Amino acid sequence: MLNPQLLRSDLEATAEKLAHRGYPLDIEKWQQLETSRKAIQIETEALQNKRTTISKSIGQAKAKGEDIQPLLDEVAQIGETLEHSKSQLKDILLQMEQVTLYTPNLADESVPLGKDEADNVEVRVCGIPKVFDFEVKNHVQLGEKQLGLDAESAANLSGSRFTLLTGEVAQMHRALSQFMLDMHTQKHGYKEFYVPYMVNAQTMQGSGQLPKFADDAFITEDDRYLIPTAEVPLTNLVADSIIEEQDLPIKMTAHTPCFRREAGSYGKDTKGMIRQHQFDKVEMVQIVHPENSFQALEEMTSHAEAILQALDLPYKVIVLCTGDMGFSATKTYDLEVWVPGENTYREISSCSNCTDFQARRMQARFRSPDVKKPQLVHTLNGSGLAVGRTLIAVMENHQNTDGSISVPPALQPYMGGKTQIN
RNA sequence: GGUGAGGUGGCUGAGUGGUUGAAGGCGCACGCCUGGAAAGUGUGUAUACGUUAAUAGCGUAUCGAGGGUUCGAAUCCCUCUCUCACCGCCA
């Protein structure tokens, strides 16, 4: 949620910034709502005050044995007006909430203006794609023979957009997530978490997945949601809480499966395991002091990069333009890994600073000794990394002429010392 | 799934219809006391929203959540939810 003050004191500039994000705000309607809200809220509270005051004096009069009938008559008149006023206010607040809950975060000044992914800006390129002296295979081709990547069986079990891994490929998939977790906990200072894979609606709303993106998530019969990312449970751990300033930053990591409907992406990435209904991801989340969030974003991005570097995978870092950023983000870096089989870079991580947007929805605050009032924290999240896509990248980048795959040295300890799978 | 007992402020713990946002205690903050500390003692100590230049006042809301009864609800009624205990089932 945006700071409601912005929509009052700086409506036009805010609307313009929202327009950059592809979100049209109906200024006139909003102003109308705001004007009536103010009038009706003041009226309602005044009436309520009057009623409370009279009710209290009824109590006192009764205690003294006085006649309370005149007071009862007086308060009876308030009743109806108050009911009316209350329901009007409720209605207006509901309408305003519908607007605020659906309004995205504002982009940071440093974010390039743009409409869609074509306007994203490359920040740096790291590593050089290997030159192969044979015809490179993509991961589907690599996996379908002796290596264990079985789309057909998965389709028989579950339908499209699922993958079945077997043997050494399955082992490598497991090894990757272990490796990533160890890196983040041992070298980058994150605490490891094991979290629920199903959460309630309130939790989904806290981090911004609901109400706007309800169609993207799987919902269970008892109204729980399968997490689309560990960001959801991790970030919401600080919901409705007041943290001591000295306890910031809080750095958390978790390895979980992620579940996404992928509604609206029919026909996109249907081959292979790029876009799946279920995929594993190691997620990083930071809860930080507002002054430090942009620095934390740089650090978190470098933590994700460290994994790619350790696995000897070429990648580039791009900053998403205003039109391509996610709902809750104020600035996002995407990491794109080199995928030789497609002769292109593909997204493998997304690191975002959400500033106080999620914190306001969740009421996640901290208390500083110098400031009396609790202040909103800033939240960040980043993939470190998407495990399935990392597996693809390792397979394709470290493939050999004979179709075998070299295990990157950093990963070998996690695979019983194996240097190659075939 | 069944039965029972419960959810009150940072914590603990009173409170079954009337100045109760909420006693007492602990903790915390500031002061007094002290050579210094402890003990003792005094004062203060929730959050959100609105109004406002204001983190000053003032107002509204909040005792798990949502409804209801009432002039008035932490207190009465209904629904949901979570916790605990026992039974059943189960990795």
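This structure is a prediction, so every number in the text was calculated from the model and none was measured. Numbered from 1 within each chain, the chains take letters A, B, ... in sequence-line order.
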J.: To the nearest Å, give me how far apart CZ (Arg51(A)) and P (G59(B)) are.
T.: 16 Å
J.: Has the side chain of Lys62(A) got a donor or acceptor that lies under 3.5 Å from a partner of the other kind on the base of G18(B)?
T.: yes
J.: Would you say Asn49(A) places a side-chain N or O within less than 4.0 Å of OP1 or OP2 belonging to G59(B)?
T.: no
J.: Any donor-acceptor pair under 3.5 Å between the side chain of Gln60(A) and the base of U19(B)?
T.: yes
J.: Output the rounded distance in Å from CD1 (Ile242(A)) to C1' (U47(B)).
T.: 7 Å
J.: Base, sugar-phosphate or nothing for Arg360(A)? Non-hydrogen atoms, less than 4.0 Å.
T.: nothing
J.: Starting from C1' on G67(B), measure out to NZ on Lys90(A) and report it in whole angstrom.
T.: 9 Å
J.: Is any side-chain heavy atom of Leu149(A) closer than 4.5 Å to one of Val140(A)?
T.: no
J.: Have a look at Pro374(A) and say if it touches a base, only the backbone sugar-phosphate, or nothing, with a 4.0 Å heavy-atom cut-off.
T.: sugar-phosphate
J.: Considering every strand and a 4.0 Å limit on heavy-atom distances, what is the contact class for Glu74(A): base, sugar-phosphate, or nothing?
T.: nothing
J.: Is Arg367(A) near enough to U47(B) that one of its side-chain N or O atoms lies under 4.0 angstrom from OP1 or OP2?
T.: yes
J.: Should the pair Asp356(A)-Arg360(A) be classified as a salt bridge under the 4.0 Å nitrogen-to-oxygen rule?
T.: yes
J.: With rounding to the nearest 0.5 angstrom, report the OG1 to CG distance, Thr220(A) to Asn200(A).
T.: 10.5 Å
J.: Expressed as a whole number of angstroms, how long is the span from Leu72(A):CG to C71(B):P?
T.: 8 Å
J.: With the side chain of Ile58(A) defined as its heavy atoms from C-beta on, choose the nearest nucleotide among G50(B), U60(B), C71(B).
T.: C71(B)
J.: Nearest to the Arg37(A) side chain among U51(B), C71(B), U60(B), which nucleotide is it?
T.: U51(B)
J.: Between C1' on G10(B) and CZ on Arg365(A), what's the gap in Å once rounded to a whole number?
T.: 13 Å
J.: Can you name the one residue among Asn381(A), Thr332(A), Thr379(A) that meets side-chain hydrogen bond (donor to acceptor under 3.5 Å, both in side chains) with Ser352(A)?
T.: Thr332(A)
